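Scope of the values below: all heavy atoms of this structure, side chains included, with no hydrogens, waters or symmetry mates. FYI, the numbering just counts along the sequence from 1. Keep in mind it's a predicted model, so treat the numbers as computed, not measured.
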Amino acid sequence: MTDPVHDPSAATPESPVGRVDPVAVWHRAAPDAVLLDGFHALKHAVRFGAEVLVAVTADRAAALALADELAADVRDTLAGLLTEVPHTTYSSLVPRPHPTAVAALAVRPDRAGNLAKLAHAPRTAPVVVLDQPRNLGNAGAVVRLAAGFGATGVVTTGTLDPWHPTVVRGGAGLHFATAVERLTVDELPPGPLFALDPEGEDIRSVKLPDEALLAFGSERTGLTAGLRARADHLVALPMRPQVSSYNLATSVAMTLYHWSAAGGAPA
């Protein structure tokens with residue numbers, strides 16, 4: 001599908017095509033598109049194959065300087081996508097302006113494709129399950145961790161939308177590097193479910209298989225009864241007595257590291 005702003009036949013790496021008003025394209029696409037908020041979100045989305053519909057910046061020279069420094073592999077692609085607009089225009093398009101003054105809209109990955117990735121057997125890396133998470137920023141941090149460790153995907157249960165703009169911002173656009181979906185407990189992909197619970201077996205004595213589902217409850221209420229009943233194994237992170245809990249993202253990081261230490265991804 002051809003980018004409605006960028007015509008590859010007429011553009012150069014240094015001069016994006018401006019035939020179509022990017023603001024008009026933005027307003028048409030925004031209701032169904034994924035907001036990529038900031039340079040790093042756009043950089044990661046492009047690296048992992050996102051279909052970017054429109055990208056704007058209040059300072060194109062500064063954005064491309066960042067690309068030269070931090071994303072040389074996609075620098076020319078970013079140069080072809082980014083259109084400079086006045087700062088007031090940029091600010092009107094996003095709920096909270098990013099320090100890099102870059103924003104873009106991308107097509108959300110196909111749900112059927114994500115579900116196929118999550119259910120594929122045999123898996124080579126676990127699926128992270130967040131059981132009724134509440135904090136959007138924490139959910140985004142988990143997506144970023146999952147992408148970094150090469151997890152198969154991140155699944156949320158409950159009402160939180162894992163593609164909410166604040167979650168995508170927290171994930172720095174790495175939703176496009178892993179499969180992210182919202183499911184019910186009954187819809188979880190197959191595989192042995194290892195749920196983190198204070199009453200579980202010390203995780204240091206447990207080998208987490210590549211096909212595992214790794215489930216984490218909310219910091220306040222822990223696992224829901226439904227997911228706890230579905231669990232095949234309860235495991236616990238080591239914790240000093242009288243310390244009540246770890247941050248959700250910290251718990252996920254510790255668990256994924258424990259899995260990866262046995263030789264799992266990244267390659």
Point to revise | Gap between atom CE of M254 and atom CG of L237 - 0.5 Å precision | key: 4.5 Å
Point to revise | Any P238 side-chain heavy atom under 4.5 Å of R204 side chain | key: yes
Review point. Among the clusters formed by ILVMFWY side chains lying less than 4.5 Å apart, do V142 and V180 turn up in the same one?
Key: yes
Check your understanding: Any side-chain heavy-atom pair from R96 and P165 closer than 4.5 angstrom?
Key -> no
Review point. Which of parallel (below 30°), tilted (30 to 60°) and perpendicular (above 60°) describes F48 and H44?
Key: tilted
Exercise for review: Measure the OG-NE2 distance between S92 and H87 for me, rounded to the nearest 0.5 Å.
Suggested key: 11.0 Å
Check your understanding: Taking C-beta and beyond as the side chain, do L82 and V56 meet within less than 4.5 Å on heavy atoms?
Key -> no
Practice item. Could you check if a side-chain atom of L78 sits within less than 4.5 angstrom of a side-chain atom of L42, using non-hydrogen atoms only? Key: yes
Study note, to complete from the structure: Rounded to the nearest 0.5 Å, the OG1 atom of T156 sits from the NE2 atom of H164 at a distance of 12.5 Å
Point to revise | Side-chain heavy-atom pair L115, L183 within 4.5 angstrom cut-off | key: yes
Check your understanding: Does the side chain of L214 reach to within under 4.5 Å of the side chain of V127, using non-hydrogen atoms?
Key -> no
Revision key, fill the gap. In D161, L160, V168, the residue satisfying side-chain contact (heavy atoms from CB on, under 4.5 Å) with L136 is L160
Practice item. Using the six-membered ring wherever Trp is involved, compare the ring planes of W163 and F176 and label them parallel, tilted or perpendicular (cut-offs 30° and 60°). Key: perpendicular
Check your understanding: Yes or no on salt bridge (charged side-chain N to carboxylate O under 4.0 Å, His left out) for D68 and R75, after CA distance, side-chain angles and deciding distance?
Key -> CA-CA 6 Å; D68 287 332; R75 194 267 186 197; 2.9 Å; yes
Exercise for review: Decide, yes or no, whether a salt bridge links R228 with D197 under the criterion of side-chain N to carboxylate O below 4.0 Å.
Suggested key: yes
**Study point:** Co-membership, hydrophobic cluster, residues L234 and M239, 4.5 Å side-chain
**Key:** no
**Study point:** Donor + acceptor pair across side chains of H40, K43 (<3.5 Å)
**Key:** yes
Practice item. Could you go through the salt bridge (charged side-chain N to carboxylate O under 4.0 Å, His left out) check for E187 and R182 one step at a time? Key: CA-CA 9 Å; E187 294 171 331; R182 177 169 52 180; over 6 Å; no
Practice item. For H258 and I203, indicate whether the former's side chain and the latter's backbone hold a donor-acceptor pair under 3.5 Å. Key: yes
Check your understanding: Are S218 and P133 side-chain neighbours, meaning at least one heavy-atom pair lies under 4.5 Å?
Key -> no
Review point. Hey, mind stepping through V52 and L105 against side chain to side chain contact (heavy atoms under 4.5 Å, CB included) and telling me if it holds?
Key: CA-CA 6 Å; V52 178; L105 295 177; over 6 Å; no
Practice item. Please say which of T224, L223, D186, L213 ends up in a side-chain contact (heavy atoms from CB on, under 4.5 Å) with R230. Key: L213
Practice item. Verify, without hydrogens or angle tests, whether E51 (side chain) and A106 (backbone) share a donor-acceptor contact under 3.5 angstrom. Key: no
Exercise for review: Determine the minimum heavy-atom distance between P22 and T83, stating which atoms define it.
Suggested key: CG-CG2, 3.9 Å
Point to revise | Test: E181 and K117 ion pair at under 4.0 Å | key: no
Review point. Can you get from F149 to L248 by hopping between Ile, Leu, Val, Met, Phe, Trp and Tyr side chains that sit under 4.5 Å apart?
Key: yes
Practice item. Take W259 and D210, measure what side chain to side chain donor-acceptor pair (under 3.5 Å) needs, and give me the verdict at the end. Key: CA-CA 8 Å; W259 162 74; D210 293 346; 2.9 Å; yes
Exercise for review: State, to 0.1 Å, how close A63 and T57 come at their nearest heavy-atom pair, and which atoms those are.
Suggested key: CB-OG1, 4.1 Å
**Study point:** Identified side-chain contact (heavy atoms from CB on, under 4.5 Å) partner of F216 from the options D131, L227, T255, N138
**Key:** T255
Revision key, fill the gap. One should read off an interatomic distance between E201 CD and F194 CZ, to the nearest 0.5 angstrom, of 9.5 Å
Check your understanding: Rounded to the nearest 0.5 Å, how far does CG of L35 lie from CH2 of W26?
Key -> 5.5 Å
Practice item. Treating Ile, Leu, Val, Met, Phe, Trp and Tyr as nodes and any side-chain heavy-atom pair under 4.5 angstrom as an edge, say whether V235 and L193 lie in one connected cluster. Key: no
Review point. Backbone N or O of A125 within a donor-acceptor pair of the T152 side chain at under 3.5 Å?
Key: yes
Exercise for review: Would you give the length of the straight line joining atom CG of N114 to atom OG1 of T178, rounded to the nearest 0.5 angstrom?
Suggested key: 8.0 Å
Point to revise | Non-hydrogen side-chain atoms of L81 and V46 separated by less than 4.5 Å | key: yes
